[in-house]
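Report on the following structure.
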Amino acid sequence: MALYGIADLHLSFSTDKPMDIYGPAWKNHTEVLKREWTEIVREEDTVIVAGDISWGLKLSEAMADLEWIDSLPGKKIMFKGNHDPWWSSVSKLNKISERMFFVQNTFYPYEDFAVCGTRGWLCPGSSDFKAHDEKIYAREQLRLRASLDAAKKAGYDNIIGVMHFPPTNEKKELSAFVDIFNEYGVGKVVYGHLHGETKKTVPDVFFGNTEFSLVSCDAVLCRPQRIL
């Protein structure tokens, strides 16, 4: 069995949100994604999907996208992005399919590892960070700790971290998210959110003993990235 990661699928099978307006990397991206995914992922594998899953505003609008993901090989560990307003009751979401697990304030067990994480948010020092972002930034720290604490309480020492937002700002400065992952001894974190020119600002980077890897769909050419 193998563990993969990818973010920012930005599916829109039930909504009018074509992605090719954002550049050639997004042309026919669902076809490319399906081809790349089915080429490497087997039924016994697991794929982390790190946010910005569907353009649907309500769950009813996102269902076609979730069913499409469900039809792809492997189990899926789903995390929320900033463009996932359809994400509501986690208990309701986790009744959709036995092959998809939606994570919030908890963890997903993968062999000897716990997959932990949260959406994240803009970090202080970012060019767009404003006073009102402080509250969300603080709340996401609590959610990250809740996920990690749940894994530690269950006896897991090996942890794979997940965020949707990058763990730092464009100047690659330390953040509370970085400190928390280091505190809990997390060796690997995958994240998304960055596209186009912005994906060059914070690519793969080490903070302490933690490696942070960008897996947004256009950054990895729609190909899930092998983690374990």
Side-chain angles (χ1 to χ4, degrees), residues 1-8 45-52 76-82 101 103-126 129 133-134 136-195 198-220 223-228:
M1 296 189 295
L3 180 66
Y4 296 90
I6 193 166
D8 303 275
D45 295 335
T46 301
V47 182
I48 296 168
V49 182
D52 280 8
K76 295 86 183 179
I77 312 174
M78 315 284 271
F79 286 82
K80 187 177 183 179
N82 60 305
F101 187 84
V103 179
Q104 186 169 305
N105 300 333
T106 187
F107 71 97
Y108 182 86
Y110 174 82
E111 297 186 351
D112 295 332
F113 288 79
V115 180
C116 300
T118 190
R119 179 188 61 180
W121 197 247
L122 294 173
C123 294
S126 298
F129 192 88
D133 292 310
E134 286 282 2
I136 306 174
Y137 178 65
R139 184 181 66 204
E140 287 300 309
Q141 294 172 51
L142 295 176
R143 287 179 171 171
L144 178 57
R145 285 191 179 276
S147 178
L148 292 162
D149 285 340
K152 289 294 186 180
K153 186 176 181 179
Y156 285 89
D157 293 319
N158 301 316
I159 296 174
I160 299 294
V162 183
M163 291 181 64
H164 175 65
F165 280 83
T168 181
N169 56 36
E170 58 265 31
K171 293 173 279 190
K172 302 181 184 178
E173 296 173 330
L174 293 176
S175 72
F177 300 127
V178 169
D179 291 341
I180 292 170
F181 280 123
N182 275 279
E183 175 187 341
Y184 283 78
V186 179
K188 176 81 170 181
V189 178
V190 295
Y191 70 95
H193 187 67
L194 300 181
H195 308 293
T198 63
K199 68 177 181 284
K200 299 177 183 178
T201 60
V202 190
D204 295 358
V205 62
F206 268 93
F207 286 109
N209 294 318
T210 306
E211 180 186 16
F212 296 85
S213 297
L214 176 63
V215 295
S216 56
C217 201
D218 55 331
V220 298
R223 191 174 183 86
Q225 298 297 290
R226 180 77 173 261
I227 300 171
L228 293 173

Which atoms form the tightest heavy-atom contact between [X] and [Y], and what is the distance?
| X | Y | answer |
| --- | --- | --- |
| Cys116 | Ala151 | SG-CB, 3.5 Å |
| Pro124 | Asn169 | O-ND2, 3.0 Å |
| Leu122 | Phe129 | O-CE1, 3.4 Å |
| Leu3 | Ile160 | CD2-CG1, 4.2 Å |

Quick one: ring pair (Phe, Tyr, Trp, His ring centres under 6.0 Å) partners of Phe101, sequence neighbours excluded?
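Applying ring pair (Phe, Tyr, Trp, His ring centres under 6.0 Å) to Phe101 gives Tyr108.
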Using side-chain contact (heavy atoms from CB on, under 4.5 Å) as the criterion, list what pairs up with Glu140, not counting sequence neighbours.
Thr118, Arg119, Trp121, Ile136, Arg143, Phe177
For Ala176, side-chain contact (heavy atoms from CB on, under 4.5 Å) partners two or more places apart:
Tyr137, Gln141
Within the side chain of [X], is there an N or O that forms a donor-acceptor pair under 3.5 Å with the backbone of [Y]?
| X | Y | answer |
| --- | --- | --- |
| Ser175 | Val178 | yes |
| Thr168 | Leu174 | no |
| Ser216 | Leu194 | yes |
| Ser147 | Gly117 | yes |
| Asp8 | Gly192 | no |

Does the side chain of Asn82 come under 3.5 Å of the side chain of His164 through a donor N or O and an acceptor N or O?
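Yes, His164 and Asn82 have a side-chain donor paired with an acceptor closer than 3.5 Å.
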Are [X] and [Y] close enough that some pair of their side-chain heavy atoms sits under 4.5 Å apart?
| X | Y | result |
| --- | --- | --- |
| Val115 | Val103 | no |
| Tyr110 | Met1 | yes |
| Leu214 | Val190 | no |
| Phe212 | Phe181 | yes |
| Ile180 | Arg145 | yes |

Sorted by chain and residue number, the salt bridge (charged side-chain N to carboxylate O under 4.0 Å, His left out) partners of Glu211 (sequence neighbours excluded) come out as Lys188
Contact list for residues 107-118, test salt bridge (Lys or Arg N to Asp or Glu O under 4.0 Å), sequence neighbours left out:
none
Under 6.0 Å between the ring centres of Tyr156 and Phe107?
yes
Asn158: side-chain hydrogen bond (donor to acceptor under 3.5 Å, both in side chains) partners, not counting sequence neighbours
none
